[in-house]
Amino acid sequence: MKVLIVDDELIICESIKADFGRMAHPWEYEVFAAQSVTAAQEIYYREEPDFVITDINMPGGSGLILVSEIHKHNPGCAILVLSAYDNFEYVRNALTMGAWDYILKPLAFSELENCVRKLAKKVTEEKTAGGQGRNADLSEKKRVFEMEDVVDYIRQHIGEKLSASEMARKMAVSYSSFGKLFREHTGKSFSSYLLWYRMECAKEYLENSTMKIKQVASKVGYRENPQHFSRDFTRQVGVTPKEYRAQKL
């Protein structure tokens, strides 16, 4: 069973990793560790662990975001959330987003071992209970969730440099497979969707702000080549950004 430990404190990662070495049948566990949400995402999509143990509060990204992402990607992955805060809202949010259980720091070895044993049994039962039909259903759900995550990522990072090859790598699929899945989900190619959404965001900025055209271009992903923004906007919308703003005002 593959296990991923996520905590921004190296000493905690190493301590939990050592605890797995002390458990009964330690050879059953292949343990990985990450000290940030970004590093955890890379390991998760590369290794596809059966079990994830993650902290909630970490610099650069909340563990709850990771919980939600993993649960969408694979509802059968056992997620154990750690926190130094005995807060009901944390517990509720963690369980709502897909965590299977929740324990407080500092961890007692016996508590961790019992929790791991219980959740490992549940993982095994889930796998055994699922047939080919269920697997196919989960695969379909996984594909839909992944595409929704890609679209959300585009919308949240529209001002950055984005590419289909980068998205395919994040999803751990081939470039051609990603293109096909994306078109099936959105009805557009990746480049067409990206251009369309950038222009929609640009129209919002032009209508509802006093930003200069160059600033709008930077906001929607043309930071490195703002001169291309007016060209693409005119082709997509039918008028220049300046003309569009004048019409709306």
Side-chain angles (χ1 to χ4, degrees), residues 6 8 34-46 56-70 72-73 97 143-249:
V6 188
D8 59 302
Q35 291 177 256
S36 69
V37 170
T38 300
Q41 289 167 326
E42 291 179 1
I43 295 173
Y44 175 79
Y45 287 109
R46 185 181 71 237
I56 290 181
N57 295 303
M58 292 180 286
S62 167
L64 292 179
I65 294 175
L66 183 65
V67 169
S68 178
E69 180 178 343
I70 291 174
K72 288 178 180 179
H73 183 265
M97 291 182 180
R143 181 179 69 79
V144 172
F145 278 132
E146 285 178 339
M147 282 297 110
E148 289 175 352
D149 287 342
V150 168
V151 171
D152 286 342
Y153 186 90
I154 291 171
R155 293 183 176 227
Q156 293 169 17
H157 298 81
I158 196 64
E160 302 173 14
K161 187 176 180 180
L162 299 170
S163 68
S165 58
E166 176 194 6
M167 295 295 103
R169 182 183 62 78
K170 286 180 178 292
M171 285 182 63
V173 298
S174 69
Y175 179 85
S176 59
S177 294
F178 171 79
K180 180 181 178 182
L181 291 171
F182 191 88
R183 185 181 288 276
E184 287 177 355
H185 187 72
T186 65
K188 299 176 183 287
S189 68
F190 178 84
S191 58
S192 295
Y193 183 89
L194 184 60
L195 178 61
W196 168 78
Y197 189 68
R198 279 180 166 156
M199 295 307 108
E200 289 299 303
C201 290
K203 287 192 283 187
E204 286 288 328
Y205 286 126
L206 291 169
E207 291 178 38
N208 302 305
S209 78
T210 57
M211 283 190 290
K212 295 180 180 179
I213 304 293
K214 188 174 181 179
Q215 291 175 308
V216 173
S218 179
K219 279 281 190 181
V220 298
Y222 289 81
R223 187 179 296 113
E224 296 179 4
N225 47 5
Q227 68 277 10
H228 292 169
F229 169 67
S230 292
R231 178 201 65 191
D232 288 350
F233 188 93
T234 303
R235 288 177 179 174
Q236 188 78 4
V237 182
V239 293
T240 66
K242 185 177 181 180
E243 290 170 339
Y244 182 84
R245 171 172 273 171
Q247 288 176 1
K248 294 300 177 180
L249 294 178

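Pairing each heavy atom of Tyr205 with each of Arg245, the nearest pair is O-NH2, 3.7 Å. The shortest heavy-atom contact between Cys201 and Val220 is CB-CG1, 3.7 Å. Nearest heavy-atom pair across Ser218 and Arg223 is OG-NE, 3.5 Å. Shortest non-hydrogen contact noted between Met167 and Val150 is SD-CG1, 4.1 Å. Closest approach of Tyr175 and Ala164 over heavy atoms only: CE1-CB, 3.6 Å.
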Check against side chain to side chain contact (heavy atoms under 4.5 Å, CB included), Ser230 and Thr240: CA-CA 6 Å; Ser230 292; Thr240 66; 5.9 Å; no
Check against side chain to side chain contact (heavy atoms under 4.5 Å, CB included), Leu195 and Gln236: CA-CA 8 Å; Leu195 178 61; Gln236 188 78 4; 3.5 Å; yes
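Counted by atom type alone, Tyr44 and Glu69 present zero donor-acceptor pairs between their side chains at under 3.5 Å.
Scored by the side chain to side chain donor-acceptor pair (under 3.5 Å) test, Asn225 finds His228 as partners (sequence neighbours excluded). In this structure Tyr153 satisfies the ring-ring contact (aromatic ring centres under 6.0 Å, His included) test together with His157, sequence neighbours excluded. Residues that satisfy the side chain to side chain donor-acceptor pair (under 3.5 Å) test with Glu42, not counting sequence neighbours, are absent from this structure. Qualifying ring-ring contact (aromatic ring centres under 6.0 Å, His included) partners for Tyr193, counting only residues two or more places apart in sequence or in other chains: Phe182, Trp196. A search for side chain to side chain contact (heavy atoms under 4.5 Å, CB included) contacts involving Met97 returns Leu64, Val67, Ser68, not counting sequence neighbours. In this view, Phe229 and Tyr222, Phe233 satisfy the ring-ring contact (aromatic ring centres under 6.0 Å, His included) rule, not counting sequence neighbours.
Summarising the geometry, atom OG1 belonging to Thr38 is positioned 11.0 Å from atom CD1 belonging to Ile43; distances are rounded to the nearest 0.5 Å. If you take CE on Met58 and OG on Ser36, they are separated by 7.5 Å, rounding to the nearest 0.5 Å. Atoms OH and CZ, on Tyr197 and Arg155 in that order, are 4.5 Å from each other to the nearest 0.5 Å. Taking CG of Asp232 as the reference point, atom CD of Gln227 lies at 10.5 Å (rounded to 0.5 Å). Rounding to the nearest 0.5 Å places CZ of Arg183 at 10.0 Å from NZ of Lys188. The CD1 atom of Ile70 sits 9.5 Å away from atom NE2 of His73, with the distance rounded to the nearest 0.5 Å.
Environment of CD in Gln247: crowded, with over 12 heavy atoms of neighbouring residues, nucleotides or ligands closer than 6.0 Å.
A heavy-atom distance below 4.5 Å is found between the side chains of Lys212 and Gln215. A 4.5 Å side-chain heavy-atom check between Leu194 and Ile158 finds at least one atom pair inside the cut-off. At a threshold of 4.5 Å between non-hydrogen side-chain atoms, the residues Glu148 and Val151 do not count as touching. Residues Thr234 and Val239 fail the side-chain proximity criterion, which asks for heavy atoms closer than 4.5 Å. Two residues are said to be in side-chain contact when any heavy atoms from C-beta on lie closer than 4.5 Å; Pro241 and Ile213 meet this criterion.
Under a 4.0 Å N-O distance rule, the pair Arg169/Glu166 does not qualify as a salt bridge.
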